[in-house]
Amino acid sequence: MGKFKKTLFSILGFVLILSSFTFATGSKTASASEKNEINSIQEYQDLLLVTLKISNPQDEEQLENAVDQFNSKNEFTEKALTKYYVETNSKTILPNVDNTKKELDIDKYIQSNVDIGQFTTHKLNENISVTFTNTPVYFIESTIEEETPPTSSDVEIAAAKYKNTKTYTHSYTAKNFLNMKLFTVKTKGYFQYNGTDVKPKLNDAWYTRGFLSIWQVSNWQKSTYKKGSNYAEVYGRGNFHFGLEINGYGLVVQDQYIKVYLTGNKKGTVYKKTSVK
C-alpha cells in the first residue's frame, strides 16, 4: 500500500507540475498575443514617433526593425483602416496628390504639403527622416553618404581641377499603418565640380515594389541632367500604377510619375532635402 501511495503521489505531482507549466505557458502566449489596439491616425503617429526617437535608427534596416517591433505591440486594425477610407470617401493611396501634374517629385510633393500643414516631417538624425501625412500613409526618407572610390578618369579630373563629392544614396519609402510597404525608390550618385562647372555621375537608380494587389512600373528611367554650369541632377523615375484592396474596399488605381533625385552645383554642394558638402 505504501508503494502504491508513493506512486500515486508521484503521478499527481507530475500532473500538477505539467498543469502549472501549461498554465504559465498559456498565459505567456495570451499576453504576448495581446496588442494595444489603435483606432486613431494621430495616436498611431504619436506612439510610433516616440518609439523611433528612442531607438534612433541609423539606416533603413534599423528603422524597419524598430517599426516591426512597434507593430508587434500595437495594432492599427484593418477595420480601422477601412473605416478611414469609407468615412473620408478617399479613393487614392498617396494623399493630396495634384493629378494635374505629370510628374510627382517626391521632395517637392512632401515639402509643399508640409508648408500647408497637411504633412509633418520629423528628422530623427542626419540619415533618416519620417513624414506623417493626414492619412494612414507615411514616408521614410533615407540618405546614406560614403567616400567616392577612385576611377580611371581621376587623372583627367585632376588635370581639369575637378573634385569629386561624396557618393550619396537617396531614397523614399511609402508605407501604411498595417506595415505594408507601398514602394521604395532610390537614386545613387555623385558630382564632379571645380568652382565653375559641375558634372553629374549616376551610379544607379532602382525601385522596390510593395505588397499591393495591382502593381506595375513602366517607362523606368535612370539618368543624369545638366542645365548650364551650375546645376546637375542624377535621378530615377517612372510611371507607377498601383492599387490596393483592404477588407473588400478597393482603392482606385493611381498612375503617378514618381521621381527621386539628387542635385549638385559648381561649388560641390549636394542637395537632397538638406545640403551637405
Side-chain angles (χ1 to χ4, degrees), residues 48 52 55 57-72 76 78 81 92-95 97 102-110 113 119 121-122 124-133 135-146 167-190 201-224 233-246 250-263 272-273:
L48 178 58
L52 294 180
S55 61
Q58 297 299 307
D59 55 38
E60 286 180 89
E61 185 179 354
Q62 290 182 15
L63 188 139
E64 290 284 347
N65 290 336
V67 172
D68 287 342
Q69 287 181 20
F70 174 81
N71 283 310
S72 69
F76 191 84
E78 284 194 18
L81 196 63
T92 57
I93 296 173
L94 297 184
V97 170
K102 181 183 177 184
E103 186 173 276
L104 184 66
D105 175 330
I106 291 284
D107 290 285
K108 291 179 181 176
Y109 158 66
I110 287 179
N113 277 284
F119 297 178
T121 294
H122 305 273
L124 301 179
N125 49 57
E126 290 301 313
N127 303 324
I128 302 281
S129 294
V130 176
T131 297
F132 292 123
T133 72
T135 77
V137 172
Y138 65 98
F139 296 92
I140 299 162
E141 182 193 17
S142 168
T143 305
I144 299 169
E145 62 177 74
E146 55 192 302
T167 297
Y168 298 91
T169 303
H170 185 208
S171 74
Y172 270 106
T173 296
K175 300 186 79 168
N176 70 17
F177 290 177
L178 294 185
N179 208 22
M180 299 170 73
K181 181 188 287 186
L182 308 183
F183 62 82
T184 296
V185 182
K186 296 187 178 186
T187 298
K188 181 177 182 179
Y190 64 100
K201 299 293 177 180
L202 176 72
N203 291 82
D204 200 2
W206 65 102
Y207 61 86
T208 304
R209 297 186 293 187
F211 303 102
L212 296 173
S213 55
I214 304 169
W215 232 124
Q216 290 180 335
V217 180
S218 61
N219 302 320
W220 178 251
Q221 299 175 17
K222 48 183 181 179
S223 188
T224 63
E233 290 181 3
V234 294
Y235 65 84
R237 65 187 182 188
N239 282 88
F240 288 67
H241 318 263
F242 48 112
L244 179 64
E245 185 171 296
I246 301 169
L251 303 183
V252 196
V253 177
Q254 286 184 311
D255 186 352
Q256 296 295 164
Y257 196 52
I258 294 172
K259 176 184 177 185
V260 170
Y261 65 107
L262 296 159
T263 70
K272 317 88 76 185
K273 216 166 183 187

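No hydrogens, no waters, no symmetry mates; every other heavy atom, side chains included, goes into these values. Start at 1 with the first residue, then count along the sequence.
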Subject >> Exam field: side chain H170 to backbone Y261, donor-acceptor pair closer than 3.5 Å >> reply: yes

Original post:
Taking it one step at a time, do L124 and L63 satisfy side-chain contact (heavy atoms from CB on, under 4.5 Å)?
Top reply: CA-CA 10 Å; L124 301 179; L63 188 139; 4.1 Å; yes

Original post:
Just by distance, do the side chain of N125 and the backbone of P57 share a donor-acceptor pair under 3.5 Å?
Top reply: yes

Subject >> Shortest non-hydrogen contact from S171 toward K186 >> reply: CB-CG, 3.2 Å

Subject >> Intermediate values then yes/no, side-chain contact (heavy atoms from CB on, under 4.5 Å), I106 and E141 >> reply: CA-CA 10 Å; I106 291 284; E141 182 193 17; over 6 Å; no

**OP:** Output yes when a side-chain donor or acceptor of T187 lies under 3.5 Å from a complementary backbone atom of V260, and no otherwise.
**Re:** yes

**OP:** Decide yes or no on side-chain contact (heavy atoms from CB on, under 4.5 Å) for R237 and Y257, but give the supporting numbers first.
**Re:** CA-CA 7 Å; R237 65 187 182 188; Y257 196 52; 3.2 Å; yes

**OP:** Kindly give the heavy-atom pair with the smallest separation between N203 and Y190, and that separation in Å.
**Re:** OD1-CD2, 3.6 Å

Original post:
Does E146 pair with K188 as a salt bridge, N-O distance under 4.0 Å?
Top reply: yes

**OP:** On the 0 to 90° scale, with breaks at 30° and 60°, tag the Y138-F132 ring pair as parallel, tilted or perpendicular.
**Re:** tilted

Subject >> A66 versus S55, closest heavy-atom pair with distance >> reply: CB-OG, 3.6 Å

Original post:
Do D59 and N127 meet the criterion of a side-chain donor-acceptor pair at a distance under 3.5 Å?
Top reply: no

Original post:
Distance from T173 atom OG1 to E64 atom CD, nearest 0.5 Å?
Top reply: 6.5 Å

Original post:
Which atoms form the tightest heavy-atom contact between H241 and S218, and what is the distance?
Top reply: NE2-OG, 3.0 Å

Original post:
Between F119 and F139, what is the ring plane arrangement, given parallel below 30°, perpendicular above 60°, and tilted in between?
Top reply: tilted

Original post:
Looking only at heavy atoms, what is the nearest atom pair of K175 and V67, with distance?
Top reply: NZ-CG1, 4.1 Å

